[in-house]
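Presented below is the structure to which this report refers.
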Amino acid sequence: MRELSKGMVAQLHLAVVMAIDARLLVLDEPTLGWIFCTGSSLRSLLNDYFDGSRTIVVTTHQVEEIQDVLTDLMFIREGKIILSCSMEEFAARYAEVLVRRSKRRRHAR
């Protein structure tokens with residue numbers, strides 16, 4: 001184990017946890033340290049584990065890494081739930097806005 005990278009250790013821990021037959025699986029930052037983590041790799045792992053009778057809760061600051069595997073979404077700030085909805089409801093209610101930074105900088109006078 002000493003020779004494994006941080007990401008490989010995280011993946012090993014995840015595999016060990018997923019080997020447990022539990023009805024509720026809580027994963028805190030499961031992709032932390034993964035260099036080449038993709039939503040498809042996590043989706044594959046979770047789909048192998050999820051059989052319809054289990055619940056998987058994932059906490060993460062890297063939502064973009066797992067957004068395509070989520071069914072429901074909850075945002076918590078300072079211990080209070082500030083948003084809780086399905087991914088479909090979230091997509092219908094909110095839009096992503098991207099602002100391009102101007103190539104030309106404006107100088108304050």
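The CG atom of Leu73 lies 8.0 Å from the OG atom of Ser84; values are rounded to the nearest 0.5 Å. Here the CG-CD1 distance, from Leu25 to Ile56, works out to 5.5 Å after rounding to the nearest 0.5 Å.
Checked against Val57 for a side chain to side chain contact (heavy atoms under 4.5 Å, CB included), the options Asp72, Asp28, Leu24, Leu27 give a single hit: Leu24.
Here the closest heavy-atom approach between residue Arg77 and residue Ile82 is recorded as NH2-CD1, 3.6 Å.
For Arg93, the side-chain contact (heavy atoms from CB on, under 4.5 Å) partners are Leu83, Glu89, not counting sequence neighbours. Phe75 is linked by a ring-ring contact (aromatic ring centres under 6.0 Å, His included) to nothing, counting only residues two or more places apart in sequence or in another chain.
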